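One structure is given here, and the rest of the page talks about it.
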Amino acid sequence: MFWRCNTFDQGLPLYLTRVIKLTDVCTCIRIERAVQYHPSTDCGRMSSSEQLMQMIKGYLGVHTINKWTLSKSPLDGLGLFATEDIAAGEVIFVDKPLIFGPRAGANLPRGCTVCSTLDSDTFFKCSSCALLLCSEKCQNTNVHRDDCNIISRWINKVPMEEVDVTIMSRSLAVIRVLLLNENELELLATLEAHKQPQHGFEVKALREYFEIPEEEEKLMLLACRIYDTNAYQMAVNYGKREMSMRGLYPVACRMNSICVPNVRYSFNGNNDMIVAAVKPIRAGSEINTCYSGLLWGTPARQMHLKRTKHFICKCERCADPTERGTLLSALKCFNNGCRGSLISTKPLISTAAWRCLECDIRIPSKNIFAVQNALGSMLAMLEFKSFNDLENFLLHRVTNFIPKTNQIVVDLQIRFIFGTEDIGLKELSESRLALKESLCRGVLRVVAALGLGDAHHRGLLLYHLHATLAERARRCPDLYEDLKPEIESTIEQAYNILRDDISAPPDLELRRRYLGPGSDKPHEERFFILDS
Ligand SMILES: [Zn+2]
Ligand SMILES: [Zn+2]
Ligand SMILES: [Zn+2]
Ligand SMILES: [Zn+2]
C-alpha cells in the first residue's frame, strides 16, 4: 500500500512520477526543488527493506544475493548484514552497475568514451555529440549510439566545434542516467543523494552548450548528487592506460564505511563488482567497506570523508590515537633533540592538542595543521624524474621531515615496490632487490597491524614479495630450496586474493602454476617463465 505525495508529482518527469512510492505522507514543501523528487532525503522513506530487496533481486537476476540482507545499521540508515557465517575469501555478492562513465575530476586524462583507451593517435570528436572517440569502430557501437542519441537531441547554444570534449567526458556518466529504464530508475531513486550545493557542476557545464529539457536536467542533477554520494571508482585493466571510471553499484553502495572493513572489492572484465570477505564474518554482523584510503592516517581519512561524503567517521580505528600501533599520521616532535613522534590526544576532535610519545610536550592543533599543510604542499610538488630520485628521497630525505611510520613514507614505499616493475626485476641491483623485499615485508606488517585481513593491498604486496623471492632464487639457484616454502605460499595467497580481478598482474596465474604449491614443473622449467 503506497501513498502518493502531491508535492512530488509537480514538475516531475513523467517516467519518475511512476516510480515514486512513499510509505509516509511527507511535507516536502520546504525542501529545495531539485531534491524534491528524491524520496530518500527529508521527504520520507521510500521503501521498506523488503521492498528494496525485491527490487535489487529483480535487478541483479541470477547474481548471487543470498548471503546478505538489508537491515537498520547502528552506523547510518540501512546497512548490509551477513545472513550466514562467511569465510575469509568467500564472495558475498556480485554487483552490476546501474550506470557508469568517466570520473568527473578536472585533471584526469581523457580518452575514448567507448573503450576508455588513452593511447590512440586517432582521437576525434563526434560531430553529432562532441564525445571523444578513438575509432569508427567505437563510434559504431551501441554504447556510442545511445550516448549520441541523447546529446544530439539537445539544441546547441554554440557550434559543436566549440563544445569542449573534456566537459563532455566529465558529464557523460551523468548524461547516461537518461538511458535508464523504468525499473532501473526505480532502483536509482532509492539511493541517497547529497544535498550540498557543490554537487552538480556537470549539469551547469552542459547548460553552457545545450538547451536541455527541464525534466532531463533535473534528473541529471539528481544523478550528480547520487553519484557523489554512492559511486565507486572502478579499476582499470592491469598495465593498460585507460580512463578512470566511476559506477553506481546498487548493492555495494549500501555498505556503510568503517576504516577497518571486512570486505574487499574487485572488478571483472564485464564491469561487475565482486565483493568478498577479507576475514571471517559471523552471521548477523554488518558488512562494511571503507570509503577512504586504507593506508592513510586518521586526519587524512577524516578530511576526505568529510569533504566527499559529508560525515565524520567515529570507528574504533579513528578513535585510536596510535591507529593500532601503526602511527600512520605521526609527526616529528617539535622539541629540538627529541626523537619522539607526535600523535593526537583525541583523534575524533580535530581541534584537540597533539602530544609527543617521548617527551610528552603538548602542541596546539593549529600548529599541527600548519605542518600538515606544509607537508601537503611539499607532496603536491614532489615529482620524481627517475626511479633513482624516488629511491634517494625515500632512503635519505623523507625521514628528515616525518617519522618513518607516517603514511607519506608508506606511500613512497609502495611506489618504490610497484615502480620496480617498470625497470624489470631482472635489471634490479642486488641492493634494490633486497630493499624491495624488506619494504614488502614492512608494508605487509602495517596492513596486518591495521587488521585489514586479506585486503587487495595485501594481495599485491604478497605478489611482489613472491616475485622478489623468486628472482633471488633465479639468480642463485642454491637458495631455491630454502626460499621455496615462502615462494609458494606468497603466490598462493596472492592468487587467492587477486584472481578474477582485472587490475591483477597478468602473470599471476602462470606464476602460481609454475612456482606455487604442488607445481609439477621440472626445476629448470620453473624459472623459465622468469627468464621469458
Ligand atoms: Zn575507443
Ligand atoms: Zn556521437
Ligand atoms: Zn574510521
Ligand atoms: Zn618529544
Side-chain angles (χ1 to χ4, degrees), residues 100-103 108-156 158-176 178-179 206 209-210 212 216 234 236-237 239-245 269-271 321-322 327 329-345 352-365 367-368 370-372 399-406 502:
F100 68 95
R103 281 170 65 214
L108 297 168
R110 299 289 152 189
C112 177
T113 51
V114 174
C115 69
S116 297
T117 186
L118 293 171
D119 283 325
S120 170
D121 302 330
T122 55
F123 281 128
F124 67 97
K125 179 166 149 181
C126 174
S127 58
S128 315
C129 67
L131 288 172
L132 195 64
L133 295 157
C134 73
S135 59
E136 268 184 34
K137 187 168 156 243
C138 279
Q139 191 173 29
N140 289 327
T141 54
N142 289 337
V143 173
H144 181 71
R145 236 170 270 149
D146 288 345
D147 294 340
C148 200
N149 278 342
I150 298 175
I151 298 165
S152 55
R153 269 200 332 251
W154 295 338
I155 298 163
N156 281 56
V158 300
M160 217 44 150
E161 306 80 66
E162 289 172 30
V163 176
D164 179 18
V165 284
T166 302
I167 293 287
M168 296 309 289
S169 179
R170 293 174 70 187
S171 313
L172 182 58
V174 165
I175 293 171
R176 286 179 177 164
L178 303 173
L179 294 168
L206 283 175
Y209 299 132
F210 304 102
I212 301 171
E216 294 192 359
M234 296 158 75
V236 297
N237 282 289
K240 291 212 178 119
R241 285 195 357 101
E242 289 178 348
M243 243 195 317
S244 185
M245 309 290 273
N270 302 321
N271 298 314
T322 72
L327 304 182
S329 39
L331 297 175
K332 285 204 155 199
C333 180
F334 291 9
N335 236 349
N336 265 344
C338 176
R339 300 168 68 87
S341 291
L342 294 167
I343 59 170
S344 173
T345 51
W354 284 41
R355 72 180 179 92
C356 173
L357 290 169
E358 290 288 322
C359 70
D360 210 37
I361 189 182
R362 306 278 152 150
I363 309 285
S365 58
N367 302 29
I368 297 291
V371 173
Q372 286 169 335
T399 48
N400 294 338
F401 311 109
I402 36 181
K404 64 178 188 305
T405 60
N406 186 286
I502 55 163

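Everything numeric here is computed off the predicted structure, so don't read it as measured data. For the numbers below, each heavy atom of this structure counts, side chains included, while hydrogens, waters and symmetry mates do not. Each ligand, and each atom within it, is numbered from 1 in the order the structure gives.
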Within the structure provided, determine whether [X] and [Y] are in side-chain contact (heavy-atom separation under 4.5 Å).
{"X": "Ile175", "Y": "Leu206", "result": "yes"}
{"X": "Ile151", "Y": "Met168", "result": "yes"}
{"X": "Arg362", "Y": "Asp360", "result": "yes"}

Handout entry: Apex the Zn ion (ligand 2) - arms NE2 from His144 and SG from Cys129 - angle rounded to 10°
Key = 110°

Fill in the blank from the handout: Taking the Zn ion (ligand 2) as the apex, Cys148 SG and Cys126 SG span an angle, rounded to 10°, of 120°

Handout entry: Angle in degrees, rounded to 10°, that SG of Cys359 and SG of Cys333 form at the Zn ion (ligand 4)
Key = 110°

Completion exercise
Between Cys134 atom SG and Cys112 atom SG, the angle centred on the Zn ion (ligand 1) rounds (to 10°) to 110°

Completion exercise
Rounded to 10°, the SG/Cys138 to the Zn ion (ligand 1) to SG/Cys115 angle comes out at 110°

Exercise for the section: Give the minimum heavy-atom separation between Phe100 and Asn271, together with the two atoms involved. Expected result: CZ-ND2, 3.2 Å

Practice task
Taking atom types as modelled, find out whether Ser244 and Arg103 have a side-chain donor-acceptor pair closer than 3.5 angstrom.
Solution key: yes

